[in-house]
Amino acid sequence: MRNSAFDELEHHVARALDLGDTGAWAELDEHIRGALRWGRVPPTHVWFPGVTQSRLPTDPELAIALCGPDGRIREAALAYAPGAPALLPLVVIRCADWAEPVRARARAVLGAELPGLSPEALGPITAVALRVAGRGRGNAASELLVRLLREGPEADATALLGYEDRAVRRLAHRVAVERGLLSPARLATTAATDPDVVVQDLCASAAITAAGDTVDETVLAPLLGSRTGRVRAAGVTALRRGGRAAEAEPFLYDRSALVRACARWTLRQAGTDPLPLYRAACAAGDRTPHFAPVGLAECGDRATDVPTLWALIDHDRPRVRAGAVVGLRLLDAVRPQRLVPLLDDSSRRVVGETAKALAPRADHLPGEVPSDAPAGVPIDTPADTPAGTPGAVPVDVPIDSAGPEPGAWALRVLRLVLGRNRGRATGA
């Protein structure tokens with residue numbers, strides 16, 4: 001009773017087994033059901049060995065039967081699933097079946113099979129269970145797996161910590177933290193290196209909590225050295241618990257606003273006012289940290305600190321000039337006449353921050369707007385904006401391009417950006 005459509009389904013089953021992709025199993029379930037429902041493959045009851053013959057079904061035959069439109073065949077096929085552990089992801093899908101007898105049988109089979117599986121075999125099954133959990137009646141399989149990870153051997157949970165599926169990795173880390181399976185040092189290293197922000201936050205908080213009042217370098221070094229601002233911020237906050245609050249001072253000038261705020265809090269808890277430190281850093285000339293002007297604006301006084309920021313717009317380093325512009329914007333001290341020349345700055349970072357600061361006042365800027373832009377000048381060139389400073393407008397102003405004067409061209413770009421932002425706001 002085989003035909004080319006049946007052979008094609010067997011190919012899809014083999015592909016799902018080879019790939020092990022979470023989505024491939026759900027796609028296989030729908031594909032098989034559609035092929036059987038529309039008659040491209042002979043009805044399951046005609047050829048399924050469990051009905052017509054005494055031999056055991058092959059894995060492709062069992063997979064097709066498990067996904068067919070006939071609930072009685074799906075239920076009968078589940079009796080053969082214990083002999084085909086590679087097809088347990090389809091048993092997980094059947095745990096959310098619309099037919100109650102099929103659901104009950106699938107849950108019984110899965111509950112009996114899970115304890116005997118190797119830790120490595122749990123990954124694909126857990127990934128499918130977490131995806132199926134979003135369906136109606138789909139929580140049963142995930143609940144069985146979560147119970148196994150929480151109450152079963154430690155190796156079952158730790159084996160999934162590095163699994164490629166993000167949802168599985170999150171679950172494994174939650175369980176590992178709940179069970180106390182990871183040392184503070186390992187949690188800190190995971191927080192600093194894992195690409196998933198949920199895992200980063202979970203492990204950073206767990207590392208500090210697990211270390212208690214004895215936070216040492218094995219925990220602090222990975223956290224403070226992380227490339228992610230949220231993780232560095234957790235490390236800066238932990239400095240106070242470890243009696244090292246004074247070491248938060250360098251983080252006053254971090255590129256992340258969250259880290260700067262945590263550094264200020266840590267120093268204040270230790271009795272140190274960060275404002276004089278910012279003022280001294282901004283007066284340090286060539287030694288001024290790049291983000292010191294931004295930090296000064298975040299906690300400074302408008303009347304006292306604005307002159308310092310205006311002086312820094314002429315600094316030799318572009319990042320300091322850009323930070324000064326950001327600080328003036330944060331303190332609402334922008335003067336268009338004084339900032340307009342920075343639209344011709346050699347640094348795109350400075351030009352972008354200047355455009356952002358001037359955008360609310362673009363309608364009142366001086367200068368004649370040209371009718372045409374210089375040829376070959378991209379309006380949306382990506383800017384090298386610092387982390388924690390979203391929304392900078394990239395403008396690449398060529399020095400020797402033909403056309404209008406750079407100042408007039410910069411003003412026109414500024415007005416175009418303002419018009420585009422207004423259009424987006426109207427469309428929203």
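Fair warning: this is a prediction, and the values are worked out from it, not measured in the lab.
- Taking all atoms of both residues into account, the shortest heavy-atom contact from L223 to A191 is CD2-CB, 4.0 Å.
- In summary, R169 and D194 engage in a salt bridge, as defined by a charged side-chain N under 4.0 Å from a carboxylate O.
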For L239 and L224, run side-chain contact (heavy atoms from CB on, under 4.5 Å): C-alpha distance rounded to whole Å, both residues' side-chain angles, the deciding distance at 0.1 Å, then the answer.
CA-CA 10 Å; L239 285 171; L224 295 175; 4.1 Å; yes

Would you please test L358 and V334 for side-chain contact (heavy atoms from CB on, under 4.5 Å) and show each step?
CA-CA 8 Å; L358 291 175; V334 173; 4.0 Å; yes

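- Side chains of L90 and C67 form a contact here, defined as non-hydrogen atoms less than 4.5 Å apart.
- In the displayed structure, R241 atom CZ is contacted under 6.0 Å by more than 12 heavy atoms of other residues, nucleotides or ligands.
- Judged by distance alone, the side chain of T266 and the main-chain N or O of V236 form a donor-acceptor pair under 3.5 Å.
- The minimum heavy-atom distance linking A233 with L258 is given by the pair CB-CG, 3.8 Å.
- The side-chain heavy atoms of W310 and L328, taken from C-beta on, include a pair separated by under 4.5 Å.
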Test L182 against L161 for side-chain contact (heavy atoms from CB on, under 4.5 Å), laying out the working first.
CA-CA 11 Å; L182 304 178; L161 293 174; 3.8 Å; yes

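- Remark: F251 engages no residue in a ring pair (Phe, Tyr, Trp, His ring centres under 6.0 Å) (not counting sequence neighbours).
- The minimum heavy-atom distance linking V320 with P289 is given by the pair CG2-O, 4.1 Å.
- Evaluation of the salt bridge (Lys or Arg N to Asp or Glu O under 4.0 Å) test over residues 141-163, restricted to residues two or more places apart or in two chains, returns R150-E178.
- In terms of modelled atom types and a separation under 3.5 Å, the side chain of T288 and the main chain of G285 share a donor-acceptor contact.
- Between the side chains of R317 and H290, a donor-acceptor pair is found at a separation under 3.5 Å.
- Contact check for V132 versus C95: no side-chain heavy atoms found under the 4.5 Å cut-off.
- When all heavy atoms of G327 and L309 are compared, the closest pair comes out as C-CD1, 3.7 Å.
- A side-chain hydrogen bond (donor to acceptor under 3.5 Å, both in side chains) with D97 is found for exactly one of R105, R74, R107, namely R74.
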Walk me through it: do I93 and L66 pass the test side-chain contact (heavy atoms from CB on, under 4.5 Å)?
CA-CA 9 Å; I93 293 177; L66 284 171; over 6 Å; no

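- Remark: side-chain polar atoms of S183 are paired, donor with acceptor, to backbone N or O of R186 under 3.5 angstrom.
- Between the side chain of T214 and the backbone N or O of A211, at least one donor-acceptor pair lies under 3.5 Å.
- The two residues P119 and A155 have their closest heavy-atom pair at CB-O, 3.6 Å.
- By the 4.0 Å N-to-carboxylate-O rule, E247 lies close enough to R244 to be salt-bridged with it.
- In summary, D314 and R321 do not engage in a salt bridge, as defined by a charged side-chain N under 4.0 Å from a carboxylate O.
- The backbone N or O of R268 lies less than 3.5 Å from no partner atom in the side chain of T272, so there is not a single donor-acceptor pair.
- In this structure, the side chains of T126 and V92 stay at 4.5 Å or more apart for every pair of heavy atoms.
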Show your working on salt bridge (Lys or Arg N to Asp or Glu O under 4.0 Å) between D305 and R279 and close with a plain yes or no.
CA-CA 8 Å; D305 298 312; R279 288 171 175 165; 2.8 Å; yes

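- Looking at heavy atoms from C-beta onward, D301 lies out of side-chain contact with L331 at the 4.5 angstrom threshold.
- Between D29 and R94 there is a salt bridge, since at least one side-chain N of the basic residue sits less than 4.0 Å from a carboxylate O of the acidic one.
- A heavy-atom distance below 4.5 Å is not found between the side chains of E113 and L110.
- Checked for salt-bridge contact, R319 and D345 miss the test: no charged N lies under 4.0 Å from a carboxylate O.
- At least one side-chain heavy atom of L87 sits less than 4.5 Å from a side-chain heavy atom of W25.
- Here the side chain of S205 pairs no donor or acceptor atom with the backbone of L202 at under 3.5 angstrom.
- The nearest pair of heavy atoms linking V109 to L78 is CG2-O, 3.8 Å.
- Inter-residue side-chain proximity for P318 and R349 is flagged as unmet; no heavy-atom pair is nearer than 4.5 Å.
- Annotation: R230, atom CZ; neighbour count of heavy atoms from other residues, nucleotides and ligands within 6.0 Å does not exceed 12.
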Report the C-alpha distance between R264 and Y278 in whole Å, list the side-chain angles of each, state the deciding distance to 0.1 Å, and finish with yes or no for side chain to side chain donor-acceptor pair (under 3.5 Å).
CA-CA 10 Å; R264 291 193 291 269; Y278 276 124; 3.1 Å; yes

